[in-house]
J.: 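This is the structure I have questions about; it appears just below.
Computed from heavy atoms alone, side chains included, the values below leave out hydrogens, waters and symmetry copies.
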Amino acid sequence: MSKPIELIDHLLTYVHDLNAAASLFRRMGFTLSPISNIEAMGISNHLVLMPSIKPGFANYIELMAARDRALLPPPMARILTEHEGIKSMVLGASDAHAAHAAMVAQGFAAPPPVHVKREWVVAPGQSVFPEFDVILPFPAPLTFNGCRYFNVDLYLRPDWTEHANSAWRISSVFAVTDTPDALAGTFSRLFEQPKRTAEQSAAVKAGMDLIALTPAAAKAQYGVEETTPLDGAAYLGYSIDVDSLDRLKATLRDGGIEHRIEGEAVYVDPAVALGNLIVFRQVTRP
């Protein structure tokens with residue numbers, strides 16, 4: 001039997017200028033989905049899609065910009081503001097109402113799911129119609145929301161999930177907090193998955209790993225300065241698995257992307273990657 005919340009499906013990332021963000025990610029060697037203008041909600045996005053890591057779900061970075069702030073639903077208006085970067089983890093479920101009940105049972109004031117079906121123009125004269133239930137973002141120690149797909153295959157076209165830099169999976173998301181064990185515990189209960197603890201960090205696996213670190217641990221492990229925000233936690237970035245670090249490095253050099261190499265990882269820092277640290281590692285596909 002599936003759990004009410006099955007995994008971290010994708011990362012909603014706010015950008016100020018969608019065209020500039022798309023250019024940056026293409027220069028990093030990523031393929032992007034065609035722009036999608038969600039007129040009724042006042043937003044536009046490009047997706048950086050990877051192959052699915054579990055049937056029925058996806059694995060991607062969503063680059064989202066405010067197209068018309070007057071049309072933004074209040075929950076989206078609250079998060080699509082100020083600094084760029086991850087604003088919410090979108091959690092995948094097979095039943096949005098069961099996921100909502102699980103969120104409420106853990107003490108979250110999650111709004112009920114909303115059913116959405118819309119047009120997505122994927123090529124001149126060619127449209128598809130994604131359909132999904134969505135639980136919009138709401139206040140939490142680390143903002144998240146939920147979704148249930150009805151036709152996830154629309155997101156998994158091979159020409160969208162193959163990347164020049166050899167990326168094939170978003171494997172973890174990082175958050176900074178003064179209380180990593182408590183933050184991981186919150187999501188351990190929500191995901192119904194065990195947490196792993198270490199000195200100044202804790203993690204829980206739900207498709208991607210959610211890794212919570214103290215500011216000191218973030219500096220020691222990833223070489224970035226990060227302070228804990230007033231609300232107690234903030235997203236720092238994410239890791240991406242690639243087939244070949246050599247291909248990745250060549251793509252970043254060709255694209256003029258500033259990066260650093262430390263050991264067996266390649267880093268693109270938040271000042272370059274629109275507010276997020278991106279950590280690339282070479283990992284063999286299963």
J.: Which one of Val128, Val122, Thr31 satisfies the side-chain contact (heavy atoms from CB on, under 4.5 Å) criterion with Arg157?
T.: Val122
J.: Salt bridge between Arg196 and Asp209, side-chain N to carboxylate O under 4.0 Å?
T.: yes
J.: Given side chain to side chain contact (heavy atoms under 4.5 Å, CB included), test Leu236 with Asn276 step by step and report yes or no.
T.: CA-CA 6 Å; Leu236 173 62; Asn276 289 137; over 6 Å; no
J.: What do you reckon, are the aromatic ring centroids of Tyr267 and Phe280 less than 6.0 Å apart?
T.: no
J.: With no hydrogens and no angle check, do the side chains of Glu119 and Ser127 hold a donor and an acceptor under 3.5 Å apart?
T.: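 Glu119 vs Ser127: donor-acceptor pair found between side chains.
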J.: A quick test of your reading: do over 12 heavy atoms of other residues, nucleotides or ligands sit less than 6.0 Å from CD of Gln106?
T.: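 Counting other residues, nucleotides and ligands, CD of Gln106 exceeds 12 neighbours.
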J.: Tell me if the aromatic rings of Tyr238 and His10 count as close, with their centers under 6.0 Å from one another.
T.: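 Here the rings of His10 and Tyr238 have centres that are no less than 6.0 Å from each other.
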J.: Using the rule that two of Ile, Leu, Val, Met, Phe, Trp, Tyr join whenever any of their side-chain heavy atoms come within less than 4.5 Å, decide whether Ile79 and Ile61 are in one cluster.
T.: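 In one cluster: no.
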J.: Does Glu82, at its CD atom, have more than 12 non-hydrogen atoms belonging to other residues, nucleotides or ligands within less than 6.0 Å?
T.: no
J.: Ring-plane angle category for Phe187 and Phe191, please: parallel below 30°, perpendicular beyond 60°, tilted otherwise.
T.: tilted
J.: Quick one: do Ile211 and Val224 end up in the same hydrophobic cluster if we chain Ile, Leu, Val, Met, Phe, Trp and Tyr together by side-chain heavy atoms under 4.5 Å apart?
T.: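 Yes, Ile211 connects to Val224 through the hydrophobic network.
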J.: Are Phe30 and Phe25 an aromatic pair, judged by ring center distance below 6.0 Å?
T.: yes
J.: Return the CD1 to CG distance between Ile43 and Asn37, rounded to the nearest 0.5 Å.
T.: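 Ile43 CD1 to Asn37 CG: 10.0 Å, rounded to 0.5 Å.
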J.: Starting at CG of Asp254, measure out to CG of Asn165 and round the result to the nearest 0.5 Å.
T.: 11.5 Å
J.: So, taking the atom named CD in Glu62 and the one named OG in Ser33, what distance separates them when rounded to the nearest 0.5 Å?
T.: 9.0 Å
J.: Treating Thr81 as the side-chain partner and Ala77 as the backbone partner, does any N or O pair qualify as donor plus acceptor under 3.5 Å?
T.: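 No; zero donor-acceptor contacts below 3.5 Å.
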J.: Return the CG to CG distance between Leu49 and Leu154, rounded to the nearest 0.5 Å.
T.: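 Nearest 0.5 Å value for the CG-CG distance: 11.0 Å.
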J.: Does Ile38 offer a backbone N or O that forms a donor-acceptor pair with the side chain of Trp120 under 3.5 Å?
T.: no
J.: Quick one about Thr197 and Asp181 (side-chain donor to acceptor, distance below 3.5 Å, no hydrogens or angles considered), yes or no?
T.: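 Side-chain D/A pair, Asp181 to Thr197: absent.
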J.: Closer than 4.0 angstrom, basic N to acidic O: yes or no for Glu264 and Arg281?
T.: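 Answer for the salt bridge query: no.
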J.: If hydrophobic clusters are built from ILVMFWY residues whose side chains come within less than 4.5 Å, do Leu80 and Val90 share one?
T.: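 Per the 4.5 Å side-chain linkage, Leu80 and Val90 are co-clustered.
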J.: Do Arg67 and Glu39 sit within salt-bridge range, that is, some charged N less than 4.0 Å from a carboxylate O?
T.: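 Salt bridge flag = yes for Glu39 with Arg67.
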J.: Between Met64 and His46, does the side chain to side chain contact (heavy atoms under 4.5 Å, CB included) criterion hold? Intermediate values first, please.
T.: CA-CA 7 Å; Met64 181 181 290; His46 281 290; over 6 Å; no
J.: Could you give the distance from CE (Met89) to CG (Leu142), rounded to the nearest 0.5 Å?
T.: 5.0 Å
J.: Could you measure the distance from the CG atom of Leu47 to the CH2 atom of Trp160? Nearest 0.5 Å is fine.
T.: 8.0 Å
J.: For Glu199, look at atom CD and say whether over 12 heavy atoms of other residues, nucleotides or ligands are found less than 6.0 Å away.
T.: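 Atom CD in Glu199 is not crowded, with 12 or fewer foreign heavy atoms closer than 6.0 Å.
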J.: If only atom types and distance count, is the side chain of Gln200 paired as donor or acceptor with the main-chain N or O of Thr214 below 3.5 Å?
T.: no
J.: Do Thr143 and Ser88 have side-chain N/O donor and acceptor atoms under 3.5 Å apart?
T.: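 Distance-only check fails for Thr143 and Ser88.
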J.: Checking Ser171 against Ser239: is there a side-chain donor and acceptor pair closer than 3.5 Å?
T.: yes
J.: Verify, without hydrogens or angle tests, whether Asp9 (side chain) and Ala58 (backbone) share a donor-acceptor contact under 3.5 angstrom.
T.: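 Indeed, once roles are kept as given, a pair shorter than 3.5 Å links the two residues.
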J.: Are Phe132 and Phe150 an aromatic pair, judged by ring center distance below 6.0 Å?
T.: no
J.: Spell out, as yes or no, whether a donor-acceptor pair under 3.5 Å connects the side chain of Asn151 to the backbone of Glu131.
T.: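 Pair found, side chain donor or acceptor close to backbone of Glu131.
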J.: Going hydrophobic residue to hydrophobic residue with side-chain gaps under 4.5 angstrom, can you get from Tyr155 over to Phe129?
T.: no
J.: Please answer whether the main-chain N or O of Ala110 pairs with a side-chain N or O of His100 as donor and acceptor at a distance below 3.5 Å.
T.: yes
J.: Is it true that Ile135 and Leu7 fall in one hydrophobic cluster, defined by side-chain heavy atoms closer than 4.5 Å?
T.: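 Unlinked, Ile135 and Leu7 end up in two clusters.
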J.: Yes or no on side chain to side chain contact (heavy atoms under 4.5 Å, CB included) for Ile35 and Asn45, after CA distance, side-chain angles and deciding distance?
T.: CA-CA 6 Å; Ile35 192 169; Asn45 66 24; over 6 Å; no
J.: Would you call Asp95 and Arg148 a salt bridge, taking side-chain N to carboxylate O under 4.0 Å as the test?
T.: no
J.: Between Asp133 and Tyr149, does any side-chain donor sit less than 3.5 Å from a side-chain acceptor?
T.: no
J.: Yes or no on side chain to side chain contact (heavy atoms under 4.5 Å, CB included) for Thr13 and Leu274, after CA distance, side-chain angles and deciding distance?
T.: CA-CA 9 Å; Thr13 304; Leu274 306 176; 5.8 Å; no
